[in-house]
Amino acid sequence: MARSSPSSYRAAVPPRAACVYTSCYCEENVWKLCEYIRSQDRYPLEEFYAVFISNDRRMIPLWKQKSGHGDEPVVWDYHVILLHVPGGEQNFIYDLDTVLPFPCPFEMYSAEAFRLDDSLHPEFHRKIRMIRADLYLKTFASDRSHMKDANGKWQKPPPSYPCIETADSKMNLDDFISMNPKVGWGSVFPLPDFVYRFGRQTDYSPSLKGQ
């Protein structure tokens, strides 16, 4: 089995500064990463997963975010990162909003950015919706209406490229943010399960809907 150590791992995307990025549009940033990976064909696209982090109250703390202050967490309604499962002993996280390395070894990201739910009030416990990258590219759509205020003005400037849509939908972002396993695509589980599954466990083979 090939080993994917931080020292030998070849990043699947360009350096952070060269990636397509729009602040506060993490779901589209990850979609663009998936699109790039598909175009380059360096790694099988099936090794990558879009990972939505949220909960039923849409209040999730994350540490080591660029918008944070010191060691204080940022509380998002949701956040989206990219997971690479290359089949070796180490998995990697791509997060364009973190101050951690890009890509970041899974264990480092887990310890520094996720930390533990045990120390949090239950209303802040986090859940994961995990969608394989090829499925994400086929199904995700956003008209960016969630970023407009009551007067129709942008709360944050949108990306310069056209809205992402599919033949079936122009807006289904809520289905991805939702942590109800009965809606949307992919698989939903508690954060501790995600950390356990994708930590240093070489024999784990994820079984996810949509494969």
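Computed from a predicted structure; not experimentally measured. Every heavy atom of this structure was used, including side-chain atoms; hydrogens, water molecules and symmetry mates were not.
- For the pair Phe92 and Cys104, the minimum side-chain heavy-atom distance is 4.5 Å or more.
- Taking 4.5 Å as the limit, some side-chain heavy atom of Tyr136 sits within range of a side-chain heavy atom of Glu27.
- Looking at Thr22, its side chain never comes within 3.5 Å of a backbone N or O of Tyr25 through a donor-acceptor pair.
- Ile128 and Trp63 fall into different hydrophobic clusters, defined by Ile, Leu, Val, Met, Phe, Trp and Tyr side-chain heavy atoms under 4.5 Å apart, directly or through other members.
- Atom-to-atom distance recorded for Cys19:SG and Asn29:CG is 9.0 Å, nearest 0.5 angstrom.
- To the nearest 0.5 angstrom, Phe194 atom CZ is 4.5 Å from Phe106 atom CZ.
- Looking only at atom types and distance, the side chain of Tyr9 has a donor-acceptor partner in the side chain of His84 under 3.5 Å away.
- The same ILVMFWY cluster, assembled from side-chain heavy atoms under 4.5 Å apart, contains both Ile93 and Val74.
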For Leu33 and Val20: C-alpha separation, side-chain torsions, deciding distance, then whether side-chain contact (heavy atoms from CB on, under 4.5 Å) applies.
CA-CA 8 Å; Leu33 291 178; Val20 176; over 6 Å; no
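- Of all heavy-atom pairs between Ile60 and His79, the closest is CD1-N, 4.1 Å.
- Using a 4.5 Å heavy-atom cutoff, the side chains of Arg129 and Val183 are in contact.
- In this structure, His146 NE2 and Arg144 CZ are separated by 9.0 Å, a value rounded to the nearest 0.5 Å.
- Applying the 6.0 Å contact sphere to CG of Asp41 captures no more than 12 heavy atoms from other residues, nucleotides or ligands.
- Side-chain contact check for Ile53 versus Ile81: some heavy-atom pair is nearer than 4.5 Å.
- The side-chain heavy atoms of Pro61 and Arg126, taken from C-beta on, include a pair separated by under 4.5 Å.
- Between Asp77 and Arg57 there is no salt bridge, since no side-chain nitrogen of the basic residue lies less than 4.0 Å from a carboxylate oxygen of the acidic one.
- Counting heavy atoms from C-beta on, the side chains of Cys163 and Lys170 never come closer than 4.5 Å.
- The residues Asp168 and Lys138 are annotated as not salt-bridged, no charged nitrogen and carboxylate oxygen being separated by less than 4.0 angstrom.
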Determine, step by step, whether Lys148 and Asp143 satisfy the salt bridge (Lys or Arg N to Asp or Glu O under 4.0 Å) criterion, reporting the C-alpha distance in whole Å, the side-chain angles of both residues, the deciding distance to 0.1 Å, and the verdict.
CA-CA 10 Å; Lys148 291 183 177 180; Asp143 62 8; over 6 Å; no
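- Between Pro15 and Phe102, every side-chain heavy-atom pair lies at or beyond the 4.5 Å cut-off.
- The two residues Phe176 and Thr139 have their closest heavy-atom pair at CZ-OG1, 3.5 Å.
- Note on Leu137 and Phe48: same hydrophobic cluster, where clusters join Ile, Leu, Val, Met, Phe, Trp and Tyr whose side-chain heavy atoms are under 4.5 Å apart, directly or indirectly.
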Would you please test Cys26 and Tyr78 for side-chain contact (heavy atoms from CB on, under 4.5 Å) and show each step?
CA-CA 9 Å; Cys26 54; Tyr78 68 96; 3.9 Å; yes
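- Atom CZ of residue Phe140 and atom OG of residue Ser169 lie 9.5 Å apart, to the nearest 0.5 angstrom.
- The environment of NZ in Lys156 is sparse: at most 12 heavy-atom neighbours from other residues, nucleotides or ligands sit within 6.0 Å.
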Residue pair Ser145, Met171: steps toward the side-chain contact (heavy atoms from CB on, under 4.5 Å) verdict:
CA-CA 8 Å; Ser145 56; Met171 181 61 171; 3.9 Å; yes
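- When Val51, Leu82, Leu83, Leu96 are each tested for a side-chain contact (heavy atoms from CB on, under 4.5 Å) with Val30, only one passes: Leu82.
- Looking at Ser54 and Ile177, their side chains come closer than 4.5 Å, going by heavy atoms from C-beta outward.
- Between Ile131 and Trp185, the shortest heavy-atom distance links the atoms CG1-O, 3.7 Å.
- A donor atom on one side chain and an acceptor atom on the other are found under 3.5 Å apart for Asp95 and Gln65.
- Salt bridge Lys64/Asp97: absent, no basic N to carboxylate O contact under 4.0 Å.
- With rounding to the nearest 0.5 angstrom, the CE atom of Met59 is 11.5 Å from the NE2 atom of His125.
- The nearest pair of heavy atoms linking Glu112 to Arg115 is O-NE, 3.2 Å.
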Mind running side-chain contact (heavy atoms from CB on, under 4.5 Å) on Phe189 and Met130 for me, showing each step along the way?
CA-CA 9 Å; Phe189 35 81; Met130 187 171 164; 3.8 Å; yes
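- The OG1 atom of Thr98 sits 5.5 Å away from atom OH of Tyr109, with the distance rounded to the nearest 0.5 Å.
- The two residues Glu28 and Ser142 have their closest heavy-atom pair at OE2-OG, 4.1 Å.
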